[in-house]
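This report refers to the structure that appears directly beneath it.
A note on names: the letters A, B, ... follow the listed sequences, proteins ahead of strands, and every chain is numbered from 1. The analysis underlying the following values was restricted to heavy atoms, covering all of them including side chains, and did not include hydrogens, waters or symmetry mates.
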Amino acid sequence: MIAEQEGQAGAFDAGEVIIGHVSNSSIDHPIIHLPTLLGINFSVTKHVLMLWMVAAFLFIVITWSTQKYLKQERPIPTGFMNALEAVVQFIRDSIVLPSVGRKFLNVWTPLVLTFFFFILTANAVGLVPIFEVLGLFNHFVLHAEHDSMIGLLLHGGTTVTSNFNVTAALATITFVSIIAAGTQAHGFIGHWKNLAPPGLAWPVYIILIPIEIMGMLVKPFALTMRLAANMTGGHIAILSILSFVFIFSDLFHSALAGVGVGVVVAVPLAVAISALEIIVVMVQAYVFTLLTAVFIGMAINVHH
Amino acid sequence: MMSDRRSNFRARSLHLLQENIRKSGPAAAAGYTLIGAILLLGAIGYLIDQWRGSSPWFLLGGLLLGIVVGFYELAKTVWK
């Protein structure tokens with residue numbers, strides 16, 4: 001795909017290629033056209049499509065394996081179910097239980113689990129070069145039109161969690177859950193009273209209450225930025241290192257220079273960073289769920 | 001016997017790692033809140049500066065407020 005774009009544009013522009021690979025596909029050329037309602041264009045871009053695919057994949061795989069397990073005569077998990085159960089148990093016992101506590105454990109574990117599996121799958125799908133392989137196949141075999149379904153699918157990034165809108169939506173769910181958890185544990189008025197420590201002189205509250213409200217809004221913002229920036233950053237690093245090949249062949253006007261740099265530096269380094277990305281994918285899913293559990297726990301177990 | 005001891009060691013290391021990660025939860029939350037507050041309030045200040053043409057005062061004020069909010073959240077975690 002990089003080579004294809006280079007051929008069209010003449011000189012190689014690394015910045016444009018990299019942005020094209022990590023950002024969403026253009027809303028002007030959506031994959032599925034949908035009408036505009038209330039001023040919002042509901043047309044499906046590539047990130048929205050990937051979002052649906054990840055959600056559908058998770059729904060089918062996890063529901064199917066759990067249903068199959070529940071229908072067994074002897075309740076002994078095997079294969080995929082065994083791994084799933086280990087992960088579920090790990091998240092319940094070492095993420096949710098220490099922060100949320102035993103009383104509300106079963107209320108908040110499903111939400112945290114959903115977050116974990118969704119983010120993990122969405123991150124991991126971004127590492128699989130599905131559309132790059134499709135682009136290569138298209139270039140040599142299919143020769144699809146630019147405006148056809150396949151042609152439209154080739155533009156834009158695959159990692160939905162690298163889109164700030166997606167992570168902001170996830171963090172909004174966390175934000176609402178924090179308020180819901182506090183309300184459930186202490187009542188609606190009790191939760192808002194818990195924001196500031198009691199028993200201080202009234203002038204202190206004039207300073208403290210705005211700070212607390214800002215702190216409340218900052219937490220989901222930190223979650224949003226952290227996940228999206230981490231997922232975008234890794235992809236940009238890999239793509240910039242791979243761009244060396246084309247930059248050097250442009251610079252020396254010889255393909256040999258590019259291939260040489262590719263073999264010696266760019267490809268080994270990109271492989272190493274991809275390996276690191278596999279760890280990042282898991283760590284980021286883990287950190288998001290951990291922070292969600294900690295924030296929910298802070299609303300439930302208030303210490304002053 | 002040897003492999004038994006090795007798997008025991010591995011299980012213990014994993015257990016300790018899990019324990020450490022578990023304890024690091026509140027610290028990670030405080031750290032991310034600190035940097036998030038500075039970024040968010042600094043960005044809001046910057047946008048107000050762009051809008052009102054009052055550079056750099058709202059940016060500086062936002063950054064300062066971000067530091068205050070961030071350290072307040074950090075202090076709440078530390079002095080619990």
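- Remark: A:Phe188 CZ is loosely packed, at most 12 non-hydrogen atoms of other residues, nucleotides or ligands lying under 6.0 Å away.
- Contact count against chain B (heavy-atom pairs under 4.5 Å) is highest for A:Leu208 among A:Leu217, A:Leu223, A:Leu208.
- By the side chain to side chain contact (heavy atoms under 4.5 Å, CB included) test, A:Ala299 pairs with A:Ile178, A:His191, sequence neighbours left out.
- The number of heavy-atom neighbours closer than 6.0 Å to CZ of A:Phe115, taken from other residues, nucleotides and ligands shown, is above 12.
- Under the 4.5 Å side-chain criterion, counting only non-hydrogen atoms from C-beta, B:Leu41 is not in contact with A:Phe221.
- Both the backbone and the side chain of A:Met214 come within contact range of chain B, each with at least one heavy atom under 4.5 Å from a heavy atom of that chain.
- Within residues 83-107 of chain A, the residues that have a heavy atom under 4.5 Å from a heavy atom of chain B are A:Phe90, A:Ser94, A:Pro98, listed by number.
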Pair B:Tyr32, A:Met225 - check side chain to side chain contact (heavy atoms under 4.5 Å, CB included), show working. CA-CA 10 Å; B:Tyr32 283 124; A:Met225 298 308 268; over 6 Å; no
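- Once rounded to the nearest 0.5 Å, the distance linking CG of B:Leu39 with OG1 of A:Thr224 reads 12.0 Å.
- Only the side chain of B:Leu65 comes within less than 4.5 Å of a heavy atom in chain A; its backbone stays farther off.
- Scanning all heavy atoms of the two residues, the minimum distance from A:Val294 to B:Ala29 falls at CG1-CB, 3.9 Å.
- The number of heavy-atom neighbours closer than 6.0 Å to OH of B:Tyr72, taken from other residues, nucleotides and ligands shown, is above 12.
- Minimum heavy-atom separation, A:Ala222 to B:Gly36: CB-CA, 4.2 Å.
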